[in-house]
Enquirer: 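One structure, pasted below without further comment.
Hydrogens, waters and symmetry mates are skipped; everything else that's a heavy atom, side chains included, is used. Quick caveat: nothing in here was measured; it's all calculated off a predicted structure. Residue indices begin at 1 and follow the sequence shown.
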Amino acid sequence: MAVDPDELSSAIRDALGESGALGATVLQLARRIDGSPGGIRAVLGSLRDRGDVLRIGRGLWVLRDYERLDGHRDFVDPAEFVERFRSEQGVALGVYRGPITFRANEALPVHRWWPYVQGYSAEFVDGVLDAQELGRGATVLDPFAGSGTTLVEARRHGARAWGTELLAPAVLAARVKTHLELDPLRLERAAATVLARARDRRVGLLPFLRETERQFAPSALEELTRLRDALPREGTPIADALRLTFGRILIPSSRLHRSPCLGYDRRSRSDGPGPFDRFASAIVDVAEDLRTLGPERPKLGPPATVEARDAREGSWPDGTVDLAVTSPPYVNGMDYVMNYKVDLAWLGYARSYADLAALRAREVACDNLPRTETRAFLGTRGAPDPWLAELLPRIRENVRRKGTYRRDDMHAVVHRYFADLLPVLAGVRRALRPGGRCVVVVGDSLLAGTYVPGDLLLARLAERVGLGIVAVEVARSRRSGQRRSFELRETVVTLERARSAG
Ligand SMILES: C[S@@+](CC[C@H](N)C(=O)[O-])C[C@H]1O[C@@H](n2cnc3c(N)ncnc32)[C@H](O)[C@@H]1O
């Protein structure tokens, strides 16, 4: 049956009007107005040429009227929150200067052993440690330790480093990277033994991930299974370093990349070195760094403690921490489990999809949080902050208006995210000595067409649990994944436990 282009065009306009600032993809439009994706694409093309619609990123289309979010009835823009924060908290936004992202670490000894896109720069941590002028033997905590950037630098400053982290490959990275006493020669010999054993082994079983054969070329899979099966069990410093190095070569040996989310490469990478060669050269890097850092050993702080534990438990001993430096997941920012599922599966930390789901339920909420979790959570408590009490219904209403958003309980995910942060902040507040500071790197978000000032909300929650806000400084701007033209920021929030006990 022929479809009248004018009718289709007005149906598309109506559907986009309903979706408002959130926009809709071709497939969502096709479902909504029962049209063919091809026909809809063609009409969208001509509407775009006439300047009536535009693409805002991730395949989303909006009516021209929604090109800018500000000016729309229920949109509260970032500047308005900054102003409210200044009048309610008495703190104006400042500027942080210096590299903040992990990228700078990729060329640095030790930090390069396990590149973690979600980490921050060692230079940032150094700057914070220097500014606090901590004496030797001070204690530094990172409740969301990730790959251990804070812990490595704290040890190198002579401090006692203490971290908690849930993502097992990151825990492994933090443990290996803080154990700088490792003998490089013993490591090289152990790696040579692993490689010799791997060359003699048969090809092993693939991990449980359904897409493994799409992720890797057959020759890479053969070498990786043989290498994995030749590795010693986790638990000694040498075994851990060998296992981390195996983890480090997984993505470079695959057809995947992280930028920062895990995705497939457009071009094939079949001509690169194989896993055996990659493993051998990664070990050379680790051994070289251990030799370079050898002279620093006498100045290192005591051995670091890296606990594979939920930061929400927050059970660090009271009043023992001089400084906390950390970065939690950002609101709706990243599904760490999805992004590190290859590492989790190949290193044996997850043996099924149920294992991945169980881990995701314990991590600070992201937008892939199992629905059972939001269902269990909804209605059990009120929003922990008045700003949040305003924002949550707005997110809910935007999602309802759009009708086809990827999950209709997005407001509950955001609610749980902040409810997850609250006990961590309270735990850090208790753990800090009076006068101790907590420096947090965090970002804001654009969610379902609603701006969520995650950084300012975190500062407000911190104030609620008894931490004073010392400074809120913008370190860089980021682009929203939902709407490329919308500018977000990454912020350094400095908090302090009051000097008088209490
Ligand atoms: C932004 S990353 C931290 C990166 C770190 N600063 C670095 O440089 O490597 C946030 C980390 O929080 C961890 N995380 C999320 N929920 C957690 C929880 N409930 N307990 C402990 N760690 C958690 C994630 O696994 C992730 O590694």
Side-chain angles (χ1 to χ4, degrees), residues 96 98-116 118-165 170-184 186-187 237-238 240-241 244-245 248 282-307 316 320-327 428 431-433 436-441 475 492 494:
Y96 171 86
I100 192 104
T101 64
F102 193 91
R103 189 168 293 261
N105 293 359
E106 285 175 12
L108 290 182
V110 183
H111 296 287
R112 66 176 174 159
W113 294 355
W114 199 67
Y116 196 43
Q118 289 75 25
Y120 41 44
S121 72
E123 197 176 329
F124 162 72
V125 179
D126 279 345
V128 175
L129 290 166
D130 288 342
Q132 298 306 308
E133 296 178 0
L134 300 179
R136 272 191 76 77
T139 298
V140 174
L141 170 71
D142 186 348
F144 298 108
S147 62
T149 312
T150 300
L151 310 184
V152 172
E153 293 310 306
R155 248 206 113 190
R156 293 177 70 186
H157 273 72
R160 177 184 301 278
W162 191 357
T164 51
E165 168 61 49
V171 172
L172 178 68
R175 285 193 178 139
V176 173
K177 286 165 58 186
T178 48
H179 189 79
L180 299 171
E181 288 80 0
L182 201 66
D183 177 353
R186 280 189 56 212
L187 177 69
I238 292 272
D240 289 359
L244 180 70
T245 307
R248 193 232 173 300
I283 287 288
V284 170
D285 290 349
V286 177
E288 183 182 298
D289 293 353
L290 287 167
R291 290 195 175 95
T292 309
L293 294 180
E296 274 191 30
R297 275 189 209 152
K299 288 183 259 156
L300 291 174
T305 306
V306 185
E307 296 180 297
W316 308 288
T320 53
V321 169
D322 299 277
L323 173 70
V325 186
T326 197
S327 174
V428 170
L432 284 173
R433 293 186 204 287
R437 288 196 168 178
C438 171
V439 180
V440 188
V441 176
V492 182
T494 304

Enquirer: For the residue pair D322 and Q132, establish whether any side-chain heavy-atom pair is separated by less than 4.5 Å.
Expert: no
Enquirer: Look up atom CZ in F144 and atom OG1 in T164, then write down how far apart they are to the nearest 0.5 Å.
Expert: 7.5 Å
Enquirer: What pair of heavy atoms forms the shortest contact from Y116 to G146, and how long is it?
Expert: CE2-CA, 3.7 Å
Enquirer: Are any of the side-chain heavy atoms of R112 and D285 separated by less than 4.5 Å?
Expert: yes
Enquirer: In a check of side-chain contact (heavy atoms from CB on, under 4.5 Å) between E153 and each of V128, T178, V110, D126, which one passes?
Expert: D126
Enquirer: Under 4.5 Å between any side-chain heavy atoms of R155 and V140, yes or no?
Expert: no
Enquirer: Grab the two heavy atoms, one from F102 and one from P115, that are nearest each other, plus how far apart they are.
Expert: CE2-CA, 3.6 Å
Enquirer: Please round to the nearest 0.5 Å and tell me the distance separating atom CG of D240 and atom NE2 of H179.
Expert: 9.0 Å
Enquirer: Closer than 3.5 angstrom, by distance alone: can the side chain of S121 be matched with the main-chain N or O of A104 as a donor-acceptor pair?
Expert: no
Enquirer: Work out which heavy atom in A287 is nearest to a heavy atom in L187; give both atom names and the distance.
Expert: N-CD2, 4.5 Å
Enquirer: Which residue in the set V428, T326, T494, V492 passes side-chain contact (heavy atoms from CB on, under 4.5 Å) when paired with V440?
Expert: T326
Enquirer: Please determine whether the number of non-hydrogen atoms from other residues, nucleotides or ligands lying under 6.0 Å from atom CZ of R437 exceeds 12.
Expert: yes
Enquirer: Kindly check if the number of other-residue, nucleotide or ligand heavy atoms within 6.0 Å of CZ (R291) is above 12?
Expert: yes
Enquirer: If you measure from CG on L134 to CG on L129, what distance do you get to the nearest 0.5 Å?
Expert: 6.0 Å
Enquirer: With sequence neighbours left out, what residues match Q118 under side chain to side chain donor-acceptor pair (under 3.5 Å)?
Expert: Y340
Enquirer: Rounded to the nearest 0.5 Å, how far does CZ of R433 lie from OG1 of T139?
Expert: 6.0 Å
Enquirer: Looking at CG of L172 and NZ of K177, how far apart are the two atoms once the value is rounded to the nearest 0.5 Å?
Expert: 11.0 Å
Enquirer: Can you give me the closest heavy-atom contact between A174 and L151, atom names plus distance?
Expert: CB-CD1, 4.4 Å
Enquirer: Please find the pair of heavy atoms, one from A122 and one from L108, that lie closest to each other, and give the distance.
Expert: CB-CD1, 3.9 Å
Enquirer: Quickly, which of I100, V125, V325 forms a side-chain contact (heavy atoms from CB on, under 4.5 Å) with V441? Name it, please.
Expert: I100
Enquirer: Do the side chains of W162 and T320 get nearer than 4.5 Å, heavy atoms only?
Expert: yes
Enquirer: Looking at OG1 of T149 and CD of E123, how far apart are the two atoms once the value is rounded to the nearest 0.5 Å?
Expert: 13.0 Å
Enquirer: Going by ring pair (Phe, Tyr, Trp, His ring centres under 6.0 Å), name the residues that satisfy it together with Y96, two or more places apart in sequence or in a different chain.
Expert: F124
Enquirer: W113: what forms a ring pair (Phe, Tyr, Trp, His ring centres under 6.0 Å) with it, not counting sequence neighbours?
Expert: none
Enquirer: Under 3.5 Å, which donor-acceptor pairs do the side chains of residues 295-303 form with other protein atoms, sequence neighbours left out?
Expert:
from : atom 1 : to   : atom 2 : distance (Å)
E296 : OE1    : R156 : NE     : 2.9
E296 : OE2    : R156 : NH2    : 2.8
R297 : NE     : L180 : O      : 3.0
R297 : NH2    : L182 : O      : 3.3

Enquirer: Grab the two heavy atoms, one from R248 and one from A282, that are nearest each other, plus how far apart they are.
Expert: CD-CB, 4.2 Å
Enquirer: I'd like to check the side chain to side chain donor-acceptor pair (under 3.5 Å) partners of R175; sequence neighbours left out, ordered by chain and number.
Expert: none
Enquirer: Under 6.0 Å from the CZ atom of R186, do we count more than 12 heavy atoms belonging to anything else shown?
Expert: no
Enquirer: In chain order, what residues pass the side chain to side chain donor-acceptor pair (under 3.5 Å) check against T150, with sequence neighbours excluded?
Expert: Y120, D142
